[in-house]
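To keep things clear, I will list the structure first and then write my remarks on it.
Worth knowing before you read on, the calculation uses all heavy atoms, side chains too, and leaves out hydrogens, waters and symmetry mates. Residue numbering restarts at 1 for every chain, and letters A, B, ... go by the order of the sequence lines. Being a predicted model, the structure only gives us computed values, none of them experimental.
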Protein chains: 2
Amino acid sequence: MDQNKIPQATAKRLPLYYRFLNNLNHQGKRRVSSKELSEAVKVDSATIRRDFSYFGALGKKGYGYNVEYLLGFFRKTLDQDEVTDVALIGVGNLGTAFLNYNFLKNNNIRIQMGFDADPAKVGTAISDVPIYHIDQLEEKMKGIEVAILTIPAEEADTVTEKLVSLGITGILNFTPARITVPDHIRVHHIDLAVELQALVYFLKHYPLKKGPVEE
Amino acid sequence: MDQNKIPQATAKRLPLYYRFLNNLNHQGKRRVSSKELSEAVKVDSATIRRDFSYFGALGKKGYGYNVEYLLGFFRKTLDQDEVTDVALIGVGNLGTAFLNYNFLKNNNIRIQMGFDADPAKVGTAISDVPIYHIDQLEEKMKGIEVAILTIPAEEADTVTEKLVSLGITGILNFTPARITVPDHIRVHHIDLAVELQALVYFLKHYPLKKGPVEE
DNA sequence: ATATAATTGTGAAATATATCACGACTTCTT
DNA sequence: AAGAAGTCGTGATATATTTCACAATTATAT
């Protein structure tokens with residue numbers, strides 16, 4: 001609750017920086033410049049320096065940044081020391097993709113349980129994550145504050161209401177529905193159809209000449 | 001190639017507007033105000049009016065917007081009259097989720113074929129989309145300009161190079177790798193781990209008091 | 001030891017996006 | 001028919017983000 005001055009655009013890039021620094025560290029690299037990092041993550045080097053500068057002077061002029069130090073700093077900043085538990089609602093293909101992704105390794109996020117309405121799935125486990133019936137939300141989900149929503153759009157509203165009443169604070173919504181929640185709950189939407197269509201639109205209307213435009 | 005003055009932020013919202021207008025139309029609604037639309041899509045009403053205004057005066061003062069007219073307008077603007085063909089590389093869980101999604105209905109985008117290295121998948125079809133072996137890219141993919149990348153990160157670079165040499169113009173990249181492409185090719189990244197971690201970061205550092213912040 | 005090259009951190013400027021607030025016009029109500 | 005209510009389109013303003021460009025500092029080469 002301290003770093004309220006950090007621009008949201010910067011905050012969104014932090015996980016990306018973190019992962020690439022991790023890669024570099026594993027490769028045994030000791031130092032890195034904003035220019036090198038820029039080429040790897042495709043973000044302008046001045047933007048990277050600016051981003052880092054919000055956290056103080058992390059680098060050294062003429063030298064660059066010490067990979068290990070930077071990594072340690074971001075680990076703290078991104079709360080990598082403390083595991084965040086998450087629930088996944090909707091064990092379809094998309095949901096299963098999430099379950100198979102090891103967020104614990106790079107992100108210190110653990111999907112603790114999954115929920116689905118399909119009796120064939122209830123009682124099983126995917127990548128060691130137990131699947132419960134959606135009706136068991138109330139009894140199982142105590143203490144979990146973040147949910148990933150990978151259910152059909154029609155069910156988004158009912159499930160959201162349930163989650164809200166159970167005290168959720170954040171939802172990552174993959175359904176095309178734009179859900180309505182009280183003011184204190186944060187929702188991030190990722191709409192696959194919109195992303196695809198936006199790409200197509202950009203291709204037709206914004207022909208590229210200069211560098212690739214990253215989203 | 002005409003509307004180069006439309007802000008990218010606006011362009012990204014167009015597919016969203018389009019889908020909701022479609023919903024309204026199916027519900028038999030004849031007119032809609034920027035205020036109503038705002039509540040549905042969770043975008044400020046002034047922003048919506050501003051967005052629409054880039055395309056000219058589409059509404060009527062004191063009345064709002066005619067749903068059918070607006071829809072027709074956007075259909076043209078979003079190239080909904082012309083089907084865009086897309087290839088999907090990587091038929092895992094995430095890839096399968098895409099294959100099962102009917103983009104043709106709302107977005108006039110058709111996934112024409114999928115590619116995978118798994119012999120068990122090659123030769124099958126998912127939602128009527130044929131799956132070919134990744135080695136058949138060259139022979140099968142003629143004329144397709146857009147690809148969805150849902151493969152493991154390690155394979156991202158090799159596959160990207162192949163796609164580039166085959167004349168791709170746009171890539172929707174779901175791998176955590178930040179791929180490198182020539183300047184004239186557009187890449188949009190969607191990084192699920194980054195999205196999740198960013199949500200968690202925001203929850204901890206930007207406690208909400210006012211309205212929910214939509215991404 | 002000195003000169004050269006590299007690189008940061010940041011003020012200032014540029015660009016992009018969102019929001020306010022109101023005149024003008026339309027529709028609705030009575 | 002007149003007044004009230006609703007709504008757009010947009011100039012102006014506010015906010016957010018990116019990029020330029022350079023002094024200051026450090027590292028490297030000779």
Side-chain angles (χ1 to χ4, degrees), chain A residues 3-14 16-17 21 24 29-67 69-70 73-74 189 198 202 205-206 210-215, chain B residues 3-14 16-17 21 24 29-67 69-70 73-74 198 202 205-206 209-215:
Chain A
Q3 292 133 329
N4 254 357
K5 316 95 181 227
I6 291 160
Q8 305 218 353
T10 297
K12 278 182 143 185
R13 284 187 290 264
L14 295 182
L16 189 64
Y17 296 146
L21 288 170
L24 291 177
K29 248 185 159 256
R30 298 303 208 80
R31 59 183 270 194
V32 66
S33 68
S34 60
K35 188 151 161 280
E36 286 174 280
L37 206 49
S38 167
E39 277 151 26
V41 301
K42 320 282 184 196
V43 170
D44 185 272
S45 68
T47 301
I48 292 179
R49 292 200 300 282
R50 175 78 63 194
D51 283 348
F52 287 2
S53 78
Y54 292 115
F55 299 98
L58 303 176
K60 230 193 235 175
K61 298 181 180 183
Y63 174 85
Y65 301 89
N66 179 292
V67 172
Y69 173 76
L70 208 52
F73 184 85
F74 279 129
H189 291 279
F202 279 117
H205 295 278
Y206 297 75
K210 294 194 290 183
V213 179
E214 308 285 326
E215 191 228 350
Chain B
Q3 291 133 331
N4 254 356
K5 316 94 181 224
I6 291 161
Q8 304 217 356
T10 296
K12 279 182 140 185
R13 284 187 290 264
L14 296 182
L16 190 64
Y17 297 147
L21 287 171
L24 291 177
K29 250 189 156 248
R30 298 301 209 83
R31 60 184 268 195
V32 65
S33 69
S34 61
K35 189 152 161 280
E36 286 174 280
L37 205 49
S38 168
E39 278 151 26
V41 300
K42 321 281 184 197
V43 170
D44 186 273
S45 68
T47 301
I48 293 179
R49 292 200 301 282
R50 174 78 63 195
D51 282 348
F52 287 3
S53 78
Y54 292 115
F55 299 98
L58 303 176
K60 230 192 234 175
K61 298 180 181 184
Y63 174 86
Y65 300 90
N66 179 291
V67 172
Y69 174 75
L70 207 52
F73 185 86
F74 279 129
F202 279 118
H205 295 279
Y206 298 75
K209 276 162 193 167
K210 295 195 289 182
V213 179
E214 308 286 326
E215 191 226 350

- [ ] Report, as a single string ordered 5' to 3', how protein heavy atoms within less than 4.0 Å touch nucleotides 8-17 of chain D: B base, S sugar-phosphate only, - not at all.
- [x] BBBBB----S

Open item on the list: Test of understanding: with salt bridge (charged side-chain N to carboxylate O under 4.0 Å, His left out), list the residues that count as partners of B/R13, not counting sequence neighbours.
Closed with: B/D51

Task: Atom-pair distance (NZ on B/K5; P on C/dA16), nearest Å - done: 15 Å

Open item on the list: Tell me the interatomic distance from A/N66, atom CG, to C/dT8, atom P, rounded to whole angstroms.
Closed with: 13 Å

Open item on the list: Nearest heavy atom decides the nucleotide; on that basis, is A/E36 or B/R31 closer to the 5' end of DNA chain C?
Closed with: A/E36

Task: Residues that B/K29 engages under salt bridge (charged side-chain N to carboxylate O under 4.0 Å, His left out), provided they are two or more places apart - done: B/E36

Task: B/Y17 side chain near B/L70 side chain, heavy-atom distance below 4.5 Å - done: no

Open item on the list: Expressed as a whole number of angstroms, how long is the span from B/D51:CG to C/dA16:C1'?
Closed with: 13 Å

Open item on the list: I want to check one thing: is the phosphate of C/dA18, taken as OP1 and OP2, less than 4.0 Å away from some side-chain N or O of B/T47?
Closed with: no

Open item on the list: Whole angstroms only, please: what is the CD1-C1' distance between A/I48 and D/dT19?
Closed with: 13 Å

- [ ] Evaluate the side-chain proximity of B/Q8 to B/K12: yes if any heavy-atom separation is below 4.5 Å, no if none is.
- [x] no

Task: Parallel, tilted or perpendicular: ring planes of B/F55 versus B/F74, cut at 30 and 60 degrees - done: perpendicular

Open item on the list: How many whole angstroms separate atom CG of A/D44 from atom C1' of C/dT15?
Closed with: 13 Å

- [ ] Quick one: pull up OH in A/Y69 and CG in A/L21 and give me the separation to the nearest 0.5 Å.
- [x] 13.0 Å

